[in-house]
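The structure appears right after this line, and notes come after that.
Naming convention: chains lettered A, B, ... in sequence-line order (proteins, then strands); numbering from 1 in each chain. Just the heavy atoms: all of them, side chains too, but no hydrogens, waters or symmetry mates, feed the values below.
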Protein chains: 2
Amino acid sequence: MQQVSDASRSPGYDPAPTNSRALIVDSIRSAGTVSRVELTQITGLTAPSVTTLVRRLIDDGLVDEAGRGSSTGGKPRTMLRIRAAARYVVGVHLSADSLTYVLVDYAGAVVARWRRAGPGEDSDPEQVVERIATETTELIERSGIDPSLVLGLGFVCPGPLIRNRGVTSAPPSMTHWVGFPIHRRLEERLGLPALLENDATAAAAGTRLTTSHDVSVMAALFMSEGIGSGLRLNGNVYQGAHGNAGEVGHICVQIGGPQCWCGSTGCLEAIAGPATVVAKARAAGLDLGSPRRTGVAAFAAIARLALTGDSRAEAILRDSASWLALGAQTITNMYDVQLLVLTGPAFAVAGTIYLPIIQERILSSAFGRAVDTEVVLDERGHDAAAIGAALMMLRSERAISA
Amino acid sequence: MQQVSDASRSPGYDPAPTNSRALIVDSIRSAGTVSRVELTQITGLTAPSVTTLVRRLIDDGLVDEAGRGSSTGGKPRTMLRIRAAARYVVGVHLSADSLTYVLVDYAGAVVARWRRAGPGEDSDPEQVVERIATETTELIERSGIDPSLVLGLGFVCPGPLIRNRGVTSAPPSMTHWVGFPIHRRLEERLGLPALLENDATAAAAGTRLTTSHDVSVMAALFMSEGIGSGLRLNGNVYQGAHGNAGEVGHICVQIGGPQCWCGSTGCLEAIAGPATVVAKARAAGLDLGSPRRTGVAAFAAIARLALTGDSRAEAILRDSASWLALGAQTITNMYDVQLLVLTGPAFAVAGTIYLPIIQERILSSAFGRAVDTEVVLDERGHDAAAIGAALMMLRSERAISA
DNA sequence: GCCACTATATTCACAGACCTAACAAACTCG
DNA sequence: CGAGTTTGTTAGGTCTGTGAATATAGTGGC
């Protein structure tokens, strides 16, 4: 193949697989089980091409036949499915207060997850690399799979990143990480290819689509310690020129608003992000458990209070939600998506409070109504970023090689 | 070819040409003159492939050899260039107060332009189709080119659109146009393929890149009667699920802000758009010429006052600019572009007032500084949308057929 | 002015992807 | 049980793009 130069692919939105083999694998994976005829419809390839490609995938042990479909008046369809045990990938999501690991099989299912306390604010990058390497190895060992089947590791952390140099740059609570090429270090340490992405973008890749209609353009609104978003087009994430697209946390929603760590003022994250919500709750005298509890853990405590009837906690969260609704409106206006998914650790606990408020604003904004944008909550919010990191690795070129 | 199904291409961001022939044509067009060796580098194709493809393009009369480059120690390069007179396309930009036509040759250069008064607010769609058809025919005739060389017509108007149905929907001052399939009617009337796009998106396609470094991800901030933006990735515009991406005019920049025609409140366009600027200027007692002067014409009058030293006019425009800077910041945060171009009729006159204010905000926002986003003014702002419409047609499949 | 040397472009034979057309297989229904 | 229907495969051909070898048109040494 090789029709499009590397140079012209640089923005990283990875224009749909030029590769028919990858297209078939993707189609089977997202469908669960399909027949060859259905694949011809989904992919636009001809029946003979599907036959050939599928045969090779079966020969390579990546796809299995899975029984017969029911007849519709003729020969019944032979169903195909991804051979889940063919390959595995690891996804790792690092933030200050938690470190999440997932092991994902070739079908895209999570076969193991592990959530650990984060390394904290003052962590030494080299020690974190060492810890992640050790724990990744342990995860693989305990799962009992053949380590040689692990394709690679997707690593995500809060953005922004400098993607071309593959280096984290100025994350909120980790300034001493600036310039540290963590994924390269992980590659060296583990002997596996590693991919670096920001958490929100990965979350967009990790969201399972459970809507009725076809969704080819969707976005994730991601809230962890910060607020971000990711855009997915036909299964490929859009990363922008420097890998920092979707920084909805740092759009200005209030002229003269509060100072943000990013240097700007009035940022959505500074006004309504988890850190601010926690600070407000503490100021209001809410009991969030240990005073050392910070970040998403403290935020979750507020959400639990609100859900058990604390009206002060609820008011604080509803205020935050009204600002996030504004961010959601910006996402739909800028990206024109069919679906917006709320995801990330913060939404995992507080999502039910945020969802209706955000839905209401999207539906009442004119363009939202005109184009019928759906807003849903991701039930896997806590692991979304790690899963997304794994799935991005799963969709890489090497994942389909024999 | 046909590797990727129509279904999977639906979002309309048209992943870089799968077609090598189109890739070569695009590369030559954007380079001006290039040699075959350079094409191998730009396109990633091998030398023999370039030879073959270029020979066919020359045989088909789409490309010419254009002398020798200087030798670098061996055989000098044979330079290639697009045969400008091979084909032509027409671009039409309709807004309430102006109707702009451009005739663009196969090299992408504007060979004729024509600006006429717009049809006004109460125009009858069928009459406008008739008028555009007549004037398009006249434009082609007066230019003296062979009408059979005209490939098609790109038509743009203020968004939002319903792209799949190819129908304009609820533009600000043209509600009675809702549901009118103008490009289909133009196709019937002119016997030429026509393409419908919103003005801001087309403007992104029409911006000439004159920056030093390679720009693969850029956006246009477009101001005409309304405010919009367009995103361009490797020469392909991103249109979103329904063709309404980039609606930066309707992001909320002020909670509880003024009512917008779109139904929402606090929209950038309602606060700082040309209509509001004109209303403020009239309220301040500024003389904008005829009281019947509206839209961009009235806005231009204010800009001229400001540029000739009227401090009230300047203050009003600077206030508008500070809000647009906010919109620009949102664009760079969401899209992560390398370049942001201010374009459109409103910037054509007032751009020099807006540019420094917008630049200042982009450069002072943390991510802007980190990633070095450039902000420039398009010198062809007035025609950008029409030119972009033409160029989009020029990049269509049929434009490279023999 | 002739001879290397070098960079540019082309020719030729071949591999692979994908298509059309014809065919085989496996079920339903009368 | 055989016609009809749907699913999947085989066979043959086209087209794109490749690698290896070759032709072309300059430069610079002597």
Side-chain angles (χ1 to χ4, degrees), chain A residues 1-6 16-25 27-28 31 33-60 63-81 400-402, chain B residues 1-6 8 16-25 27-28 31 33-60 63-81 397 400-402:
Chain A
M1 295 296 301
Q2 169 61 351
Q3 303 170 337
V4 177
S5 74
D6 271 3
T18 50
N19 191 320
S20 295
R21 183 177 165 102
L23 185 58
I24 294 273
V25 171
S27 303
I28 300 177
T33 65
V34 263
S35 66
R36 290 173 179 79
V37 230
E38 291 165 299
L39 283 176
T40 62
Q41 296 154 13
I42 296 169
T43 62
L45 301 169
T46 55
S49 299
V50 170
T51 291
T52 310
L53 289 162
V54 167
R55 180 173 40 230
R56 286 182 207 162
L57 288 168
I58 291 174
D59 288 350
D60 293 340
V63 166
D64 279 336
E65 296 201 333
R68 291 271 147 96
S70 59
S71 167
T72 56
K75 173 173 174 176
R77 306 172 170 192
T78 311
M79 304 311 282
L80 303 166
R81 97 160 72 97
I400 54 159
S401 62
Chain B
M1 296 299 301
Q2 168 64 349
Q3 303 169 337
V4 176
S5 74
D6 271 3
S8 81
T18 49
N19 190 319
S20 295
R21 183 177 165 102
L23 185 58
I24 293 273
V25 171
S27 303
I28 301 178
T33 65
V34 262
S35 66
R36 289 173 179 80
V37 231
E38 290 165 301
L39 283 176
T40 63
Q41 294 155 14
I42 297 169
T43 61
L45 301 170
T46 56
S49 299
V50 170
T51 291
T52 311
L53 288 163
V54 166
R55 180 174 39 232
R56 284 183 209 161
L57 289 169
I58 292 174
D59 288 349
D60 292 341
V63 165
D64 279 336
E65 297 200 333
R68 291 270 147 99
S70 59
S71 167
T72 56
K75 172 172 172 175
R77 307 173 170 191
T78 311
M79 304 310 281
L80 302 166
R81 97 160 68 97
E397 281 298 309
I400 52 158
S401 62

Quick check for you: to the nearest 0.5 Å, what is the distance between B:I28 atom CD1 and B:L39 atom CG? 5.0 Å
May I ask you to verify if any side-chain N or O of A:S35 is less than 4.0 angstrom from the OP1 or OP2 atom of D:dT7? no
If you compare every side-chain N and O of B:T46 against the phosphate oxygens of D:dG19 (OP1, OP2), does one of them come in below 4.0 Å? no
Mapping A:S49 and B:V50 onto DNA chain C by nearest heavy atom, which one lands closer to the 5' end? B:V50
When we call it a touch if two heavy atoms are under 4.0 Å apart, what does B:T52 touch: a base, just sugar-phosphate, or nothing? nothing
Looking at B:R36, does any N or O in its side chain come under 4.0 Å of the phosphate oxygens OP1/OP2 on C:dT10? yes
Could you encode protein contacts along nucleotides 21-30 of chain C as a string, one character per nucleotide from 5' to 3', using B for base contact, S for sugar-phosphate-only contact and - for no contact, with a heavy-atom cut-off of under 4.0 Å? B---BBBS--
So, taking the atom named CZ in A:R68 and the one named OG1 in A:T78, what distance separates them when rounded to the nearest 0.5 Å? 4.5 Å
Would you mind listing every salt bridge (Lys or Arg N to Asp or Glu O under 4.0 Å) that reaches into residues 39-54 of chain B, with sequence neighbours excluded? none
Is there a side-chain contact between B:R21 and the phosphate of D:dC15, meaning an N or O under 4.0 Å from OP1 or OP2? no
Interatomic distance, A:R36 atom CZ to A:T52 atom OG1 [nearest 0.5 angstrom]: 10.0 Å
Closest of C:dT20, D:dT18, C:dT11 to the B:T51 side chain is C:dT11
Nearest whole angstrom, please: distance from the C1' of D:dT16 to the CG of A:N19. 16 Å
Given atom CD of B:E65 and atom P of D:dT24, what is their separation to the nearest angstrom? 15 Å
Quick one: CD1 on B:I58 to CG on B:D64, what's the gap to the nearest 0.5 Å? 7.5 Å
Given atom CD of A:E38 and atom P of D:dT7, what is their separation to the nearest angstrom? 9 Å
For B:S35, enumerate each residue passing the side chain to side chain contact (heavy atoms under 4.5 Å, CB included) test, keeping only those at least two apart in sequence or located in another chain. B:V37, B:E38, B:R77, B:M79
Here the distance between atom P of D:dT5 and atom CZ of A:R77, to the nearest Å, is 16 Å
Nucleotide D:dG17, atom C1' - distance to CG of B:L39 in whole Å: 16 Å
Taking atom P of C:dC19 as reference, at what distance in whole Å does atom CG of A:L45 sit? 6 Å
Where the side chain of B:L53 is defined as all heavy atoms beyond and including C-beta, which of D:dG17, C:dT8, D:dT10 is the nearest nucleotide? D:dG17
To the nearest angstrom, how far is B:M79 atom CE from C:dA9 atom P? 9 Å
Separation of C:dT8 C1' from B:R55 CZ (nearest whole Å): 15 Å
Going from CG on A:L57 to CD1 on A:I24, what distance comes out if it is rounded to the nearest 0.5 angstrom? 7.0 Å
